[in-house]
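Heavy-atom basis, side chains included; hydrogens, waters and symmetry copies ignored.
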Amino acid sequence: MSGRSHRPVIDCLVNVHFGETEAQPEFMKRVRDDYFKGPTSMFDPVDLAELLDEMDEHGVEKAILMDNLVKPSVTARKFVDARPDRFALAIGGVNLLRPVAALRELSATVADLPVAYTVVGPSFWADGMYPPSDAVYYPLYAKCAEIDLPLCVNTGLPGPPIPGEVQNPIHLDRVCVRFPELKLCMIHGADPWWDIAIRMLIKYRNLRLMTSAWSPKRLPESLIHYMRTRGTGKVIFASDWPVLRQHRVVPEARALDLPTDVLDNYLYNNAKEFFFGLEQEQ
């Protein structure tokens, strides 16, 4: 492939499960209406052919679909079963308060399905009581390190009106010290704590940042500078589709003021290496 508009992409966070819920929680409606100004169709059921068409149009080779241990997504698993060459899963819903059975189930799921990573949102469970430095997370960290499963943690103030302080990336500082074997990725950016996140990325080899739910043209210049310099292998692209559609964010990403090799890393190589265990192509 040649030219910035034809280079391959891995979209590391895609939601196909929204349409499985008859009535969306009020906080999700508020995120759509107040935060992202999204259309009503954001919560419609997803058609496999239409999603593949959008992916093909924008060079998205593979997408990672959100799934859940407690309530598995019928749509996500159907899509993975139909096109394992195009889709993998991200598994959330681990019960950190009763971790033994939940982590046993997570291990079994990873052994049975193409799982790229597991995910936890500190603001979204237990009323935002536990920052990621709390020991309640430690069994999950140890299990992910043991089975070499990347873990994504929400960072930055969340869109819904729920407590956000627990998603300050500084809470991952002790985690990186105590679990250097853990593949750890901050997701949904880090606003308003971008500088802390960048300093953490510089400090820890095992840490990455995903720009899901962020319009690339809205990313801060400090992050773009880091990507051009010390962070060429550290920042990973994702859309958070359909919150942000690929037809918007992929062209915006390709238009960033980045050298071609850095753009390739951001859109494809960094995800390929971190989530799929494949070395970057030189």
Side-chain angles (χ1 to χ4, degrees), residues 7-18 46 51-52 54-56 58-68 73 75-77 79-80 83-92 110 113-121 144 148-156 169 172 182-191 197 201 206-216 218-219 223 227 231-254 256 258 262-281:
R7 311 190 81 83
V9 178
I10 297 175
D11 189 343
C12 293
L13 204 163
V14 168
N15 303 283
V16 298
H17 63 285
F18 288 164
V46 179
L51 177 56
L52 287 171
E54 185 171 348
M55 291 169 62
D56 291 342
H58 298 286
V60 178
E61 182 179 289
K62 201 174 192 77
I64 301 175
L65 310 179
M66 294 300 296
D67 196 7
N68 193 284
S73 167
T75 307
R77 298 198 180 192
F79 286 9
V80 165
R83 294 299 304 270
D85 58 321
R86 302 299 298 274
F87 299 111
L89 296 173
I91 302 292
V110 170
L113 295 170
V115 177
Y117 62 85
T118 190
V119 61
V120 64
C144 288
D148 197 31
L149 178 66
L151 171 65
C152 290
V153 178
N154 289 35
T155 48
L172 296 173
L182 175 64
K183 293 181 177 178
L184 188 62
C185 183
M186 300 175 279
I187 62 173
H188 297 341
D191 191 68
L201 289 166
N206 60 321
L207 188 63
R208 302 292 186 274
L209 182 140
M210 186 192 297
T211 61
S212 48
W214 273 85
S215 164
R218 304 295 184 195
L219 293 172
L223 183 70
M227 292 166 69
T232 59
K234 287 296 198 102
V235 182
I236 294 171
F237 171 81
S239 66
D240 202 17
W241 189 99
V243 178
L244 293 175
R245 301 295 292 255
Q246 292 166 358
H247 63 69
R248 173 183 174 182
V249 293
V250 174
E252 285 187 9
R254 288 179 170 141
L256 291 172
L258 294 172
V262 175
L263 181 66
D264 285 346
N265 283 352
Y266 172 51
L267 289 176
Y268 187 83
N269 292 330
N270 293 342
K272 184 178 179 182
E273 185 273 331
F274 194 70
F275 292 127
F276 299 102
L278 302 174
E279 294 297 328
Q280 294 185 7
E281 297 177 0

Under 3.5 Å, side chain of [X] to main-chain N/O of [Y], donor-acceptor pair present?
X: N206; Y: L182; value: yes
X: N270; Y: V235; value: yes
X: T155; Y: G189; value: yes
X: R7; Y: R254; value: no

Quick one: does [X]'s side chain get under 4.5 Å of [Y]'s, heavy atoms only?
X: F18; Y: V243; answer: yes
X: P242; Y: N15; answer: yes
X: N154; Y: V119; answer: yes
X: P216; Y: T211; answer: no

- Item | Stepwise side-chain contact (heavy atoms from CB on, under 4.5 Å) check, S73 with L65 | CA-CA 9 Å; S73 167; L65 310 179; over 6 Å; no
- Message: If we check ring pair (Phe, Tyr, Trp, His ring centres under 6.0 Å) with Y117, which of these qualifies: F276, F274, F275?
- Response: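 Between Y117 and the candidates, ring pair (Phe, Tyr, Trp, His ring centres under 6.0 Å) is satisfied uniquely by F275.
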- Taken in chain and number order and not counting sequence neighbours, the residues that satisfy side chain to side chain donor-acceptor pair (under 3.5 Å) with S239 are D11
- side chain to side chain donor-acceptor pair (under 3.5 Å) with D56: which residues, sequence neighbours excluded?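 By the side chain to side chain donor-acceptor pair (under 3.5 Å) rule, D56 matches R86.
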Approximate separation, where rounding is to 0.5 Å, of [X] [atom1] and [Y] [atom2]:
X: S215; Y: D240; atom1: OG; atom2: CG; answer: 12.5 Å
X: H188; Y: L13; atom1: NE2; atom2: CG; answer: 5.5 Å
X: K183; Y: L149; atom1: NZ; atom2: CG; answer: 9.0 Å
X: R83; Y: K62; atom1: CZ; atom2: NZ; answer: 10.0 Å
X: L172; Y: C185; atom1: CG; atom2: SG; answer: 10.5 Å
X: L207; Y: K234; atom1: CG; atom2: NZ; answer: 6.0 Å

Grab the two heavy atoms, one from [X] and one from [Y], that are nearest each other, plus how far apart they are.
X: V250; Y: H58; value: CG1-O, 3.6 Å
X: L263; Y: A253; value: CD1-O, 3.3 Å
X: C144; Y: L151; value: SG-CB, 4.2 Å

- Would Y266 and L256 satisfy side-chain contact (heavy atoms from CB on, under 4.5 Å), going step by step from the backbone distance to the final call? CA-CA 11 Å; Y266 172 51; L256 291 172; 4.0 Å; yes
- Task: Report the residues that fulfil side chain to side chain contact (heavy atoms under 4.5 Å, CB included) with A197, sequence neighbours left out, ordered by chain and then residue number.
- Result: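 Scan of A197 (side chain to side chain contact (heavy atoms under 4.5 Å, CB included), adjacent residues dropped) gives P169, M186, A190, L209.
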- For W241, which of Q246, E54, H247 qualifies under side chain to side chain donor-acceptor pair (under 3.5 Å)? E54
- Chi angles and distances behind the side-chain contact (heavy atoms from CB on, under 4.5 Å) call for D67, H17: CA-CA 8 Å; D67 196 7; H17 63 285; over 6 Å; no
- Task: Kindly determine whether F87 and V14 satisfy side-chain contact (heavy atoms from CB on, under 4.5 Å), including the steps that lead there.
- Result: CA-CA 10 Å; F87 299 111; V14 168; over 6 Å; no
